Engineer: 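Mind having a look at this structure? Questions to follow.
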Amino acid sequence: MTEIRHVVFDIGKVLLHYDPELPFRRLIPDEAARRRFLAEVCTPEWNVEQDRGRPWPEAEALLIGQHPQHEALIRAFRRHWREMVPHAYDDTVAILARLVEAGHDVTLLSNFAADTFAEARTIFPFLALPRGATVSGEAGVIKPDAAIYRLHAETFGLEPAATLFVDDSAKNVEGARNAGWRAVLFTDAPTLQSDLARFGL
């Protein structure tokens, strides 16, 4: 087995337990109304546009222009962004920090738009621990597109066969493997500890 010399963490649910529906559960308590709002207004396609790097004010204005009757809820989504990160300092973050402290080479791969990621770094100091991050929005491609894995490897000088990618999405793990990386599917911190130990980390 090739020695693992680089560890790449996705910063979605792996590190931030990101749940975009969390603020809407409070803002729109009725489940049917909430599902309609997320299906017709703040759609997955719109969120992908954020991931591709559209600045938040521009994206928000675009969405309000399309759905002016929902302006208050659209703006509330941003105001309650911090609620989407309910468990920032959990065991997974502790694992990342220990890897960094032990001298392992750790970077982050983010699907957040650049301005959202910049905001996250001001809220969560652990995001400054690794040596850097590739923000997919700046690259114009998102996981599991193989191009984002290639870009991350080129940016940080990673060797795919010696890189371990940790993500909570099976399709992203498969995408990384298709790009020649080792990869493990994140389910919980104890399992991640076992996976890292299996790779000698």
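In what follows, every heavy atom counts, from backbone to side chain, and hydrogens, waters and symmetry copies are set aside. Source: prediction; values computed, not measured.
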Engineer: I'd like to know whether Leu158 forms a side-chain contact (heavy atoms from CB on, under 4.5 Å) with Val8, so could you lay out the CA-CA distance, the side-chain angles of the two residues, the decisive distance to 0.1 Å, and finally the verdict.
Structural biologist: CA-CA 10 Å; Leu158 310 186; Val8 177; 3.7 Å; yes

Engineer: Pair Asp91, Leu192 - check side-chain contact (heavy atoms from CB on, under 4.5 Å), show working.
Structural biologist: CA-CA 10 Å; Asp91 292 340; Leu192 175 59; over 6 Å; no

Engineer: For the residue pair Asp10 and Leu15, what are the closest heavy atoms and their distance?
Structural biologist: O-CG, 3.9 Å

Engineer: Kindly indicate whether the side chain of Thr163, heavy atoms from C-beta on, has any atom under 4.5 Å from the side chain of Val7.
Structural biologist: no

Engineer: How far apart are the C-alpha atoms of Asp105 and Val100, what are their side-chain angles, what is the distance that settles it, and do they pass the side-chain contact (heavy atoms from CB on, under 4.5 Å) test?
Structural biologist: CA-CA 7 Å; Asp105 188 71; Val100 174; over 6 Å; no

Engineer: Asp195 side chain to Arg198 main-chain N or O, any donor-acceptor pair under 3.5 Å?
Structural biologist: no

Engineer: Please examine the side chains of Ser169 and Asp167, heavy atoms only from C-beta on, and report whether any two atoms are closer than 4.5 Å.
Structural biologist: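 SC-SC contact between Asp167 and Ser169 confirmed.
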
Engineer: Residues in salt bridge (Lys or Arg N to Asp or Glu O under 4.0 Å) with Glu159, at least two apart?
Structural biologist: Arg5

Engineer: State whether the number of non-hydrogen atoms from other residues, nucleotides or ligands found under 6.0 Å of Arg98 atom CZ is greater than 12.
Structural biologist: no

Engineer: So, taking the atom named CD1 in Ile11 and the one named CG in Asp168, what distance separates them when rounded to the nearest 0.5 Å?
Structural biologist: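 Reported to 0.5 Å precision, the distance equals 11.5 Å.
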
Engineer: With no hydrogens and no angle check, do the side chains of Thr107 and His152 hold a donor and an acceptor under 3.5 Å apart?
Structural biologist: yes

Engineer: Of all the heavy-atom pairs spanning Phe186 and Lys13, show the shortest one and how long it is.
Structural biologist: CE2-O, 4.3 Å

Engineer: State, with a plain yes or no, whether a side-chain heavy atom of Leu96 is found less than 4.5 Å away from one of Leu108.
Structural biologist: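 A side-chain contact exists here, since the closest heavy-atom pair is under 4.5 Å.
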
Engineer: Report yes if some heavy atom in the side chain of Thr92 is under 4.5 Å from a heavy atom in the side chain of Phe126; otherwise report no.
Structural biologist: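 Not in contact.
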
Engineer: As an exercise, state the distance from NE2 of His70 to CD1 of Ile28, rounded to the nearest 0.5 Å.
Structural biologist: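 Rounded to the nearest 0.5 Å, the NE2-CD1 separation comes to 8.0 Å.
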
Engineer: How many angstroms lie between CG in Leu63 and CD in Glu71, if you round to the nearest 0.5 Å?
Structural biologist: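 Nearest 0.5 Å value for the CG-CD distance: 10.5 Å.
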
Engineer: Could you give the distance from CZ (Arg25) to CD (Glu31), rounded to the nearest 0.5 Å?
Structural biologist: 9.5 Å

Engineer: Output, in order, the C-alpha distance, side-chain angles, deciding distance and verdict of side-chain contact (heavy atoms from CB on, under 4.5 Å) for Val41 and Leu73.
Structural biologist: CA-CA 10 Å; Val41 183; Leu73 281 174; over 6 Å; no

Engineer: Have a look at Phe9 and tell me which of Leu164, Leu99, Leu109 forms a side-chain contact (heavy atoms from CB on, under 4.5 Å) with it.
Structural biologist: Leu99

Engineer: Backbone N or O of Glu40 within a donor-acceptor pair of the Thr43 side chain at under 3.5 Å?
Structural biologist: no

Engineer: In terms of heavy-atom contacts, does CZ of Arg35 have more than 12 from other residues, nucleotides or ligands at under 6.0 Å?
Structural biologist: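 Open.
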
Engineer: Which heavy-atom pair separates Ile95 from Ala189 by the least distance, and what is that distance?
Structural biologist: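 Distance-wise, the nearest heavy atoms are CD1-O, 3.6 Å.
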
Engineer: For the atom pair CZ (Arg75) and CD1 (Ile64), what is the distance rounded to the nearest 0.5 Å?
Structural biologist: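 Here the rounded value is 3.5 Å.
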
Engineer: Quick test of your reading: applying salt bridge (charged side-chain N to carboxylate O under 4.0 Å, His left out), list the pairs with at least one residue in residues 146-158, sequence neighbours left out, ordered by first then second residue.
Structural biologist: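 Salt bridge (charged side-chain N to carboxylate O under 4.0 Å, His left out) check on residues 146-158 returns no pairs.
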
Engineer: Kindly give the heavy-atom pair with the smallest separation between Phe156 and Arg131, and that separation in Å.
Structural biologist: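 Result for this residue pair: O-NH2, 2.5 Å.
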
Engineer: Determine the interplanar angle of the Phe37 and Phe24 rings, folded into 0 to 90°, and report it as parallel if under 30°, tilted if 30 to 60°, perpendicular if over 60°.
Structural biologist: tilted

Engineer: Looking at every non-hydrogen atom in both residues, tell me the closest pair between Arg121 and Leu127 and how far apart they are.
Structural biologist: NH2-O, 3.3 Å

Engineer: Return the minimal non-hydrogen interatomic distance between Ala179 and Tyr149, and the atom names on each side.
Structural biologist: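 Ala179 and Tyr149 have their closest heavy atoms at CB-CB, 3.8 Å.
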
Engineer: Who clusters with Val173? Use side-chain heavy atoms, under 4.5 angstrom, across I, L, V, M, F, W and Y, and order the result by chain and number.
Structural biologist: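 Result for Val173 is Leu185.
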
Engineer: Kindly compute the distance separating NE2 (His6) from CZ (Arg182), expressed to the nearest 0.5 Å.
Structural biologist: 12.0 Å

